[in-house]
Amino acid sequence: MTASDPKADLQVYLRDARDVLLWKLDGLSEYDVRRPLTPTGTNLLGLVKHLAGAEALYFGRVFGRPFDGPPLWFTGDTEPNADLWARADESRAEIVGLYRRACAHSDGTIESLPLDALGRLPGGNEQTLHRILTHMVAETQRHAGHADIVRELLDGAVGQRPDGPNMAPGDPSAWAEHRGRVERAAKEAGREGS
């Protein structure tokens, strides 16, 4: 058994979630990357924009390493949920570039500080780099899961990555049959539970 490096382990999972999130944009039109597919407006480009702000806040401002970029959702007087969607004048390239720069800045913070380094959240609470890094792994994975569902709703594309989808085997007819089986079980349980 080899020794584990907790910081390196967490960073691998954070980078993997970042890659998944960006992959979900590939091959989609401008409309589809912005298209709200839930009652609360969840959309792919908005998830990327939100996480750009989270990376800049948690690994920049919290540790006294301000991110050099435009004011993000946690600063200034922005409208509610401004971080969760892209205006028509914000390009995909601009938002993806912002996210990549925020991630590179974050990686610099992670690499330069020990896990027990203390940072200060906007409310004044102190947190260690370990706690912030763990939070961002969970936050990014959570939103990558949202992106999985939104992308599947858009065009049926599924999986964790293009070269290894991490999905059970099945063609569209097998998945339709599976979905039908799940629907029938749900209806049966609903009748029994009434």
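As the structure is a prediction and not an experimental result, all values here were calculated from the model.
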Determine whether [X] and [Y] fall in the same hydrophobic cluster, where Ile, Leu, Val, Met, Phe, Trp and Tyr are linked whenever their side-chain heavy atoms lie under 4.5 Å apart.
| X | Y | result |
| --- | --- | --- |
| Leu25 | Trp85 | no |
| Tyr13 | Leu22 | yes |
| Leu51 | Val20 | no |
| Trp23 | Leu37 | no |
| Leu121 | Leu57 | yes |

Indicate yes or no for a side-chain donor-acceptor contact from [X] to the backbone of [Y] under 3.5 Å, with no hydrogens or angles considered.
| X | Y | value |
| --- | --- | --- |
| Arg15 | Gln11 | no |
| Asn43 | Leu84 | yes |
| Lys49 | Leu98 | no |
| Arg35 | Leu154 | no |

Taking all heavy atoms of [X] and all of [Y], pick out the closest pair and write down the distance.
| X | Y | result |
| --- | --- | --- |
| Ala56 | Ala102 | N-CB, 4.4 Å |
| Pro122 | Val62 | CD-CG2, 4.5 Å |
| Leu28 | Lys24 | CD1-O, 3.4 Å |
| His130 | Leu10 | CD2-CD1, 3.8 Å |
| Ala174 | Gly170 | CB-CA, 4.0 Å |

Distance in Å, [X] [atom1] paired with [Y] [atom2], rounded so as to fall on 0.5 Å steps:
| X | Y | atom1 | atom2 | value |
| --- | --- | --- | --- | --- |
| Gln141 | Leu21 | CD | CG | 10.0 Å |
| Tyr58 | Ile110 | OH | CD1 | 14.0 Å |
| Glu90 | Leu45 | CD | CG | 8.0 Å |
| Ile149 | Thr42 | CD1 | OG1 | 9.5 Å |
| Arg34 | Leu44 | CZ | CG | 11.5 Å |
| Leu47 | Thr140 | CG | OG1 | 10.5 Å |

Should we say atom [atom1] of [X] is surrounded by more than 12 heavy atoms from elsewhere, each under 6.0 Å from it?
| X | atom1 | value |
| --- | --- | --- |
| Arg131 | CZ | no |
| Arg179 | CZ | no |
| Arg92 | CZ | yes |

Looking at Arg184 and Glu188, is any side-chain nitrogen of the basic one under 4.0 Å from a carboxylate oxygen of the acidic one?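 Salt bridge: no.
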
Going by an N to O cut-off under 4.0 Å, is there a salt bridge joining Asp155 and Arg151? yes

In terms of ring plane angle, is the pair Phe59 and Phe63 parallel, tilted or perpendicular, where the classes change at 30° and 60°?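 Ring orientation, 0 to 90° scale: parallel.
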
Can you spot which of His50, His105, Arg18 makes a side chain to side chain donor-acceptor pair (under 3.5 Å) with Glu55?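 Exactly one pass, corresponding to Arg18.
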
Side chain to side chain contact (heavy atoms under 4.5 Å, CB included), paired with Leu133, selected from Leu113, Leu115, Thr128, Thr109: Leu115

